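Just so you know, these numbers come straight off a predicted model, no measurement behind them.
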Amino acid sequence: MHLEMPVIIGLMVVAIIVAIAAKRASLPYNVALVVGGLLISVSGLLPGIPPLSAEVVFLVCLPALLFEGGITADLDNVRANAVPIALLATLGMLLAIGATGATLHWSLALAWGPALLLGSVLAVTDTVSILYAFRRAPVPQRLSGIMQGESLFNDGTALVVYAAISAVVAGGHSPSLALMTGRVVLASLGGAVVGLALGLLASFVIRRTEDPLAEIMATTALAFASFAAAEQFHLSGAIAAVTAGLTVGGTLRRDVSPQSQVAIHTFWEYAAFGVNTFLFLSMGLSTPPETLLAYLPQTLIAVVCIFIGRAVAIYGPFLLLRWVRPAEAIPLRWQHVFLVGNIKGAISIGLVLGLPANTPSRELLVAIAFGVTFLSLVGQGLMLGGFLRRMGLLEQDPVSFQVAEQQARLIASRAAHLELETLHGQGLIPRAAYDHLRGDYQVNIARAERELRRINEQHLAQGAKSLIAVRRRLIDAERTALLGARRNGLIPEATAEEMLARLDERTLELEHALRGAPNGAPGGGHKAS
């Protein structure tokens, strides 16, 4: 996949414009990128852009996204919900592939091999879309944790099954349940072992490096090395990358300086953002509208098949969980969210593009995968927030609303009071009018301050949350001032580094306080692709 520099710059400009437009229109960023890419493709504004390459998805994007998901995962949340996450990522994923493949076989008259292959391609849930949705919609923490954990770990299972079925179908053999089961178990366990081994090795190096830039380089090498090494031995590179990320993530939180933690997490946050921007924009650019229209009936049938397969994969395992582990049971309303939130993404496109040329019905599989992914991203991506609201799962915090209302009044009144002083100082307002208006705004300011003080005194958790937010903003101001002073030569490099390290440590302490409490308040227990 060769890109000229003007095209790369053009894509960056488009991504910035789309990001601004999505923010103004209150649209999910990933949905806006896909739609924007499709519109650009139709209009021909950026000619010369090659189609999305399966090699780029698998060798560059996938390792980075999976590793970033592992290194930034909340291990406490994963451990607390390990049973439902594991159930969905193993039994649930296999049921989804089987049920989706069976319905595709019967409804589209596909042979069993291609049907199961398409089922595995469309069984992957897009982690990034889930993260975007839950950042915009505050749902119960356990629901968010299980969905994000499942969307991260089911990639590994789906990719292993996909590789096993693809090898059988491309070879012209009938799928063998025993053979595929053996390949899945071996590849999954082997990938986990490779990821753990390389993660421990990288952790050993990182603990002794004490240089944020070198540590970032080490994590970058680990992300791609774990994936490539596992694939080299025909194991699961996806599971290896996730396991390596989880291993190093634990090391970062325990044994690495705050300055390095902040630097590494900032780097990977930006890397994931850049990769996802490229993927979603490329998906829109690579989706041929004429193909979507030509195969629209088959695509709509496939969408129904996917919902059937996902329903089997959700309600069945969760019913089993209720019987076996009642304490881990998932409410029925939450299960509906797992069904509607089954959004597809760029990995599905990469998988179908990576099918061997001799795969039976390959053209149909590619067309359906593109169509389903596009409809899923746009349709489900837009409706998920509304669905959560109708199900009554959005956590409404009346105290936060009260605080926000009084803060808005305080900000508006102070701004008006300041403008009034400016007008009076310039002699543009009579003294009598000035005295009257000044008294009104002073009353409004005093009332808002009094209400904020009352709320914080009655709701200690909200007061602590507000204080933490203020402290984080003040730390950012200190950091900006220190960086400017170091850049201008006002303070020595060593002094700046020492003080910046202290600020990083304080930042991490505040983040831990926010994560370790409900609704962001200290004192309580606590989602790529």
- Would you give the length of the straight line joining atom CZ of R409 to atom CG of N444, rounded to the nearest 0.5 angstrom? 8.5 Å
- Distance, nearest 0.5 Å, that separates CG of L351 from OG of S166: 9.5 Å
- Looking only at heavy atoms, what is the nearest atom pair of F67 and A223, with distance? CG-CB, 3.4 Å
- Find out whether I445 and R414 are in side-chain contact, i.e. whether some heavy atom of one side chain is under 4.5 Å from a heavy atom of the other. yes
- Item | For R362, side-chain hydrogen bond (donor to acceptor under 3.5 Å, both in side chains) partners two or more places apart | none
- Message: Is there a side-chain contact between I206 and V248 in this structure, where contact means two heavy atoms from C-beta onward sitting under 4.5 Å apart?
- Response: yes
- Message: Between T100 and I97 (side chain of the first, backbone of the second, donor and acceptor by atom type, cut-off under 3.5 Å), is there such a pair?
- Response: no
- Query: Does a side chain donor of either T209 or E215 reach within less than 3.5 Å of an acceptor in the other side chain?
  - Reply: no
- Message: If I compare all heavy atoms of V372 with all of A302, which pair ends up nearest, and what's the gap?
- Response: CG2-CB, 3.9 Å
- Note on the structure: Rounded to the nearest 0.5 angstrom, the CG-CG distance for L118 and L108 is 8.0 Å
- Item | Greater than 12 external heavy atoms within 6.0 Å of Y441's OH | no
- Checking side chain to side chain contact (heavy atoms under 4.5 Å, CB included) for the pair L88/N154: CA distance, chi angles, key distance, verdict? CA-CA 8 Å; L88 290 177; N154 72 6; over 6 Å; no
- Task: May I ask you to test the E497-R486 pair for a side-chain heavy-atom distance under 4.5 Å?
- Result: yes
- Query: Which value, rounded to the nearest 0.5 Å, describes the distance between I306 atom CD1 and I301 atom CD1?
  - Reply: 12.0 Å
- Note on the structure: To the nearest 0.5 Å, atom SG of C305 lies from atom CD of Q298 at 11.5 Å
- Message: One thing to verify: whether R310 and E150 come together as a salt bridge, which I'm taking to mean a side-chain N less than 4.0 angstrom from a carboxylate O.
- Response: yes
- Query: Below 4.5 Å, heavy atoms only, C-beta onward: do L143 and M147 meet side chain to side chain?
  - Reply: yes
- Item | Nearest heavy-atom neighbours spanning A367 and Y295 | CB-CD1, 3.4 Å
- Query: Would you find a donor on one side and an acceptor on the other, under 3.5 Å apart, between the side chain of S260 and the backbone of V256?
  - Reply: no
- Task: Calculate, to the nearest 0.5 Å, the distance between atoms CG and CD1 belonging to N81 and I146 respectively.
- Result: 4.5 Å
- Minimum side-chain heavy-atom gap V18-T277 below 4.5 Å: no
- Does the S348 side chain pair with the main chain of V121, one donor and one acceptor, at a distance under 3.5 Å? yes
- Query: Nearest heavy-atom pair of S226 and A241: which atoms, and what distance?
  - Reply: OG-CA, 3.6 Å
- Message: With no hydrogens and no angle check, just 3.5 Å: does a side-chain donor-acceptor pair link W268 and T219?
- Response: yes
- Message: Check whether S236 reaches the backbone of I239 with its side chain - one donor and one acceptor, N or O, closer than 3.5 Å.
- Response: yes
- Task: Return yes if some donor-acceptor pair links the side-chain N/O of T243 with the main-chain N/O of A240 below 3.5 Å, else return no.
- Result: no
- Query: Looking at L252 and H265, what are the two nearest heavy atoms and their distance?
  - Reply: CD1-NE2, 4.3 Å
- Item | side-chain hydrogen bond (donor to acceptor under 3.5 Å, both in side chains) involving Q380 - partner list, sequence neighbours excluded | S376
- Heavy-atom pair of closest approach, residues L339 and A311: CD1-N, 3.7 Å
- Item | Check: M93 and V161 side chains under 4.5 Å, non-hydrogen atoms | no
- Query: Considering residues at least two apart in sequence or located in another chain, which fulfil the side chain to side chain contact (heavy atoms under 4.5 Å, CB included) criterion with I20?
  - Reply: I16, R24
- Query: Can you list the residues that meet the side-chain hydrogen bond (donor to acceptor under 3.5 Å, both in side chains) rule with Q426, with sequence neighbours excluded?
  - Reply: none
- pair V124-K344: side-chain heavy atoms closer than 4.5 Å: no
- Partners meeting side-chain hydrogen bond (donor to acceptor under 3.5 Å, both in side chains) with H417 (sequence neighbours left out): none
- Hey, are the side chains of P114 and T359 touching, using non-hydrogen atoms and a 4.5 Å cut-off? no
- Message: Once salt bridge (charged side-chain N to carboxylate O under 4.0 Å, His left out) is applied, do any residues pair with E363, and if so which ones, sequence neighbours excluded?
- Response: none
